[in-house]
Amino acid sequence: MKRQMRRWETDAIGRENLELRNVDIPAPGPRQVLVKVEAVALNYRDKMVIESGRGLPLKFPFTPGSDLAGKVVGHGDAVTLFNKGDRVISTFTPDWKDGLRPGDARNPAYRTLGGYYPGVLSEYVVMPEDWLVTAPVTLEPAQAATLPCAGLTAWFALVERAGVKAGDTVLIPSTGGVALFGLQIAKAHGAQVIVSGRASNAARAKALGADYYVDRNREDWMEVIYRITDNHGADHVLEVIGGEHLGKSVQLAAVGGHICQIGALNGFDISSPAMPLMLKDVTIHGIGTGSRQALTRLVRAVDQTGIKPVIDSVYAFSDLPNALDHLDRGPFGKVVIEINS
């Protein structure tokens, strides 16, 4: 194996400080594995961390990125979970193994890869073995890399928190990475799905299984959804926009409905009218990805149902700046970096 590798690093906050550098390949210690990274899926969060830091305790030089797919090529002593040659994906929140998220009322935990911990935009990474799970056998690396954040967030929201089931109506007001996973996961559970987004994305969303597609630029888009559901509303809303849009989701939710608050594209200060929230007994779930065990359950579901992640574009490792620009244009699905050592 060669002794050096390429890794994206930054010494300060700001896109202009990103550099692709040659560094030594790390050596795994006890209970650690060395992973040859094959693909990294980008999240809009990665762009925000690079450009603003998001108030996270970044340690410089810092490597961004959280979602990898790769192959185990070496390991230290006492490793029991993986062998050389095993294909793996990362866990977004490594300390969250199962059950409730770590942290307490005063200090909710947010120790994630590519934020609190160093990221994965590197040809090789060393990680504790329990920071990884086995990759789906039915997916290529570029597809598998989309599961740790976008896929898991949609799965944890709809399946493990909201409890989507056959016959439910799910509203998804976006066509981004989490949204399209939500569409596929909801359909796999027998739900009816309404997607709202740009008119230009209607055909592709319907091809993925959307039962209805509503142009979000229509002034009467909410009335259209009321009519589609015969005023029942949505049993589940995948709220990936945030800000004042939460109020729209509350208004469109069914009596006893569930809203999974995930995104903050319209701001972190969310708001809603109180009366429909109270009178309809709406439950709001705050979703911050999910646990390692939830990711393993998602992997099993992907292999059993044949779900194929939607990838908008694939970029070369050296082309990270253009891939970040693509995130601003609102991709249909995921933007992925392929790493060919």
Side-chain angles (χ1 to χ4, degrees), residues 5-10 15 18-23 25-26 33-51 54 56 58 61-73 86-94 112-128 131-136 139-153 176-178 180-181 289 292 295 298-299 302 308-329 331 333-341:
M5 64 178 187
R6 296 177 298 163
R7 181 168 67 201
W8 281 99
E9 292 184 346
T10 179
R15 281 273 298 274
L18 268 179
E19 291 185 6
L20 185 56
R21 298 171 177 168
N22 291 316
V23 298
I25 294 176
V33 295
L34 176 65
V35 178
K36 181 179 184 293
V37 181
E38 296 174 303
V40 174
L42 297 180
N43 302 299
Y44 195 82
R45 167 189 176 271
D46 299 323
K47 182 177 178 296
M48 296 169 70
V49 170
I50 292 168
E51 294 177 352
R54 286 193 66 180
L56 298 172
L58 307 184
F62 174 75
T63 297
S66 59
D67 301 8
L68 73 78
K71 181 168 63 175
V72 175
V73 294
D86 287 348
R87 296 199 173 273
V88 294
I89 57 176
S90 54
T91 57
F92 184 80
T93 310
T112 62
L113 293 179
Y116 182 89
Y117 296 113
V120 299
L121 277 163
S122 178
E123 289 183 317
Y124 294 86
V125 297
V126 162
M127 288 186 180
W131 286 22
L132 301 157
V133 303
T134 300
L139 299 184
E140 297 298 322
Q143 298 170 317
T146 68
L147 297 186
C149 183
L152 178 58
T153 299
V178 175
L180 295 184
F181 266 114
T289 61
R292 182 180 189 274
L295 183 58
L298 169 61
V299 168
V302 165
K308 299 296 183 185
V310 179
I311 296 176
D312 181 290
S313 299
V314 176
Y315 286 82
F317 188 43
S318 60
D319 207 16
L320 174 62
N322 285 329
L324 293 171
D325 287 339
H326 195 140
L327 293 177
D328 273 334
R329 300 196 293 271
K334 296 294 292 180
V335 174
V336 177
I337 301 288
E338 283 194 335
I339 300 166
N340 299 313
S341 301

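In this chain, residues are counted from 1 in sequence order. Just so we're clear, the structure is a prediction, and the values are computed from it rather than from any experiment.
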Discussion item. Against Arg7, only a single residue in Leu20, Val120, Val23, Asn22 fulfils side chain to side chain contact (heavy atoms under 4.5 Å, CB included); can you say which?
Written reply: Val23

Item to complete: Report yes if some heavy atom in the side chain of Leu147 is under 4.5 Å from a heavy atom in the side chain of Phe181; otherwise report no.
Response: yes

Item to complete: Output the distance between atom CG (Leu34) and atom CD1 (Ile25), rounded to the nearest 0.5 Å.
Response: 7.0 Å

Worksheet entry | Exercise: identify the closest heavy-atom pair between Glu123 and Met5 | OE1-CA, 3.3 Å

Worksheet item: Quick one: which of Met127, Glu38, Lys36 gives a side chain to side chain contact (heavy atoms under 4.5 Å, CB included) with Leu68?
Response: Met127

Item to complete: State whether the side chain of Arg292 and the backbone N or O of Leu132 hold a donor-acceptor pair below 3.5 Å, judged by distance alone.
Response: yes

Discussion item. Looking at every non-hydrogen atom in both residues, tell me the closest pair between Ala145 and Ala41 and how far apart they are.
Written reply: O-CB, 3.2 Å

Worksheet item: Which heavy atom of Trp8 sits nearest a heavy atom of Thr63, and at what distance?
Response: O-OG1, 2.9 Å

Worksheet item: If you round to the nearest 0.5 Å, how far is CG of Leu324 from OH of Tyr44?
Response: 10.5 Å

Worksheet item: Which atoms form the tightest heavy-atom contact between Cys149 and Asp67, and what is the distance?
Response: CB-OD2, 3.0 Å

Discussion item. Donor-acceptor pair, distance only, cut-off 3.5 Å: does the side chain of Thr91 make one with the backbone of Thr93?
Written reply: no

Response to the item:
Separation between CG (Leu121) and CG (Leu113), nearest 0.5 Å, reads 11.5 Å

Item to complete: Might you point out which heavy atoms bring Glu338 and Ala142 nearest each other, and give the distance in Å?
Response: OE2-CB, 3.9 Å

Worksheet, complete the sentence: Nearest heavy-atom contact between Thr146 and Val336 is CG2-CG2, 4.1 Å

Item to complete: Calculate, to the nearest 0.5 Å, the distance between atoms CD and CZ belonging to Glu140 and Arg87 respectively.
Response: 8.5 Å

Discussion item. As an exercise, state the distance from CG of Leu298 to CD1 of Ile89, rounded to the nearest 0.5 Å.
Written reply: 7.0 Å

Item to complete: Please lay out, stage by stage, how Ile50 and Thr10 fare under the test side chain to side chain contact (heavy atoms under 4.5 Å, CB included).
Response: CA-CA 8 Å; Ile50 292 168; Thr10 179; 5.8 Å; no

Worksheet item: Would a distance-only check, ignoring hydrogens and angles, find a side-chain to backbone donor-acceptor pair under 3.5 Å from Ser313 to Val335?
Response: no

Item to complete: Apply side chain to side chain contact (heavy atoms under 4.5 Å, CB included) to the pair Arg45 and Thr112, showing each step before the final yes or no.
Response: CA-CA 11 Å; Arg45 167 189 176 271; Thr112 62; 2.3 Å; yes

Worksheet entry | Spacing of Leu320 atom CG and Asp46 atom CG [to the nearest 0.5 Å] | 9.0 Å

Worksheet item: Got a salt bridge between Asp325 and Arg15, using NZ or NE/NH1/NH2 to carboxylate O under 4.0 Å?
Response: yes

